[in-house]
Amino acid sequence: MNYNILKAGAICSLMAILFGCSSYLEEDLKSSLAPDNTYTSTTGFEVGSTGLYSLARAEYNTWGEQGAYMHNGACVYEVLQISTDLCRMGKVRDGSLVPFAELTLNPSTRFVESYWNWAYSLIGSANELLIYSEKNKNWDYPTDKAHYQAEARFFRAYAYRTLVYLYGDIPWVETVQNPFSLTFERTPKKEVLGHIIDDLEFAKENLPTNPDAVKDGKLTTWAARHLLSEMYLLRGDSEDYKKAEENALEVINSGYYKLVKNRYGANASEKGDYFSDMFIENNQNRSEGNTESIWVMQFQYKTVGGGVNSDDWTRRAWNPQYYSIDGFSLADTLGGRGLAQILPLKWWIGVYGTNATITEEAEGNPEISENGIFDKGDVRNSEYNIKRNWYFNNPLTPNKLGQKCNIDDKTWQNGQLFPALTKFFYGKADNLQLTGSYKDRMKFRLAETYLLLAEAYIREGDNAKAADAINEVRRRAKVSAIAASEASMDFLLDERIRELYGEESRRFTLVRTGKLIERARKYNPEARGIIQDYHALWPIPQAVIDANEGAFPQNPGYGK
């Protein structure tokens, strides 16, 4: 999406497009295609559906390219990790991250606006497809209408999910305004969640059942059920926890998915383990042997329809700037050119085998140990999944070549060297300066479904079943099972880190469980003294408030 369109069309991009200003699909379709002459056949709706998948992936886009929507700043995904119990900024001060690390964000902060903009862009395009699907009579098959409506309603629900997590009460809109109106009101969060659940229940009934019969990256009923489990947990009415349980169990017991427990796919004969296999390029999709992936976003390298340089900078955010140390040179085996925009907190990743200390993070928390939260032998903490040993690799410094470079507090704080998540190691010998990850991203996978099931059981007060669900994941990791008495919400949140570090939107998980403020204060020395209760929500973008003709109240803590 052209940057000038976003700037010059602030009202459209932050309010109008959100309610149907037609649409971000037209950036690529140009003047030859419009809804009236595109949504006239199954082929036209497939074009529209492809646009929805593209917009959904644009959640991770930074600077654009090829007409893509963008957030106009690096590391957008990292604002959902920073100031939680997972990571901190350190001395690498990326300007777009600073307000979220220092908790100085305000209604005009870039990502506060762009996340709103992205979500309502997706909603507006989904609404447009749904409206035209009711008008169209020219379908190839009788099931086509329900299928494309199911995809559109899934993506509408997915976008609203982000909005309620970040902003709380937000306008629910399911039409295209004509004539356009600027008199919107904030719909209560619980009401929006009801609409989200309705959309996902429809998607659940009308998306394909057999994941082997769809193309890589395409939605199935199981993706809808996985997300339904999460949304029932978020709404949290008395009967919702049972429904969250039921939807998670439907995925688990479907017969289509199983936890990856054996080596497979690309590099299966090389050094590694079955957990690290899931994050190697070309191992994310079901067609590539991954039995755990439920929904995979398609960012594949040098593939039509795949990723561009501005997509998914997670690798650059998490990986250290090792190459800034004399004796190192850029290497694809070391993850390429990381920027260390966020640093893993020592309390969970541990400092074992390094010269770093945990004193600062352990203040008031004596249970923090140098081994972090991993039990001995945990596959997820193996050398293939968290790189703790770094060796000089630059042949131009032969006196250092092959020697170990120690991690200490200085290299960690400066972002030069620290235990690194190999999930995001990605470099290409043909261009080691590559910015984007260029690797398909597992958005939903079965291990998380088990952990959602455990969350439902904990909320229902059935800790024995919660322990059983958690232990399915722990057995795969080759660590001891826990007893029912240990199956607390805090243990579950720790287990989600062990399993999903860097994958999940950690802010969402902590907001859903009501633990964001508590755990940030306990574990994150950067956030400990500044995070306030109101930081559980972001402010409503100022452009939205200014554009609306009626009263549109701001979230508490951020002014009027």
| message | Less than 6.0 angstrom from the centroid, inside 45 degrees of the normal: does Arg441 satisfy that with respect to the ring of Phe299? | response | no
| message | Whether Arg286 engages the ring of Tyr257 as a cation-pi pair (distance to the six-membered ring centre under 6.0 angstrom, angle to the ring normal within 45°) should be assessed. | response | yes
| Are Met278 and Lys423 side-chain neighbours, meaning at least one heavy-atom pair lies under 4.5 Å? | no
| If we only count heavy atoms from C-beta on, is the Tyr167 to Leu537 side-chain gap below 4.5 Å? | no
| task | For Glu185, check side-chain contact (heavy atoms from CB on, under 4.5 Å) against everything at least two apart and list the hits. | result | none
Salt bridge flag under 4.0 Å for residues [X] and [Y]:
| X | Y | value |
| --- | --- | --- |
| Lys242 | Glu239 | no |
| Asp490 | Arg519 | yes |
| Asp169 | Arg186 | no |
| Arg93 | Glu102 | yes |

| message | Tell me which pairs pass ring pair (Phe, Tyr, Trp, His ring centres under 6.0 Å) where either residue lies in residues 78-100, with sequence neighbours left out. | response | Phe100-Trp538
Check: [X]/[Y] side-chain N/O donor and acceptor closer than 3.5 Å:
| X | Y | value |
| --- | --- | --- |
| Asn319 | Tyr426 | no |
| Arg506 | Gln81 | no |
| Asp85 | Asn524 | no |

| Single hit among Glu230, Glu59, Glu503 for salt bridge (Lys or Arg N to Asp or Glu O under 4.0 Å) with Lys443 | Glu59
| query | Which residue, Ile170, Val164, Thr162, forms the side-chain contact (heavy atoms from CB on, under 4.5 Å) with Leu166? | reply | Thr162
Return the set of residues passing side-chain hydrogen bond (donor to acceptor under 3.5 Å, both in side chains) with [X] (not counting sequence neighbours), or none when no residue passes.
| X | answer |
| --- | --- |
| Tyr115 | none |
| Asp94 | Ser96, Gln341 |
| Lys91 | none |

| query | Who passes ring pair (Phe, Tyr, Trp, His ring centres under 6.0 Å) against Trp295, sequence neighbours left out? | reply | Phe154, Tyr158, Phe444
| field | Closest non-hydrogen atom pair between Thr513 and Met489, with its separation | value | CG2-SD, 3.8 Å
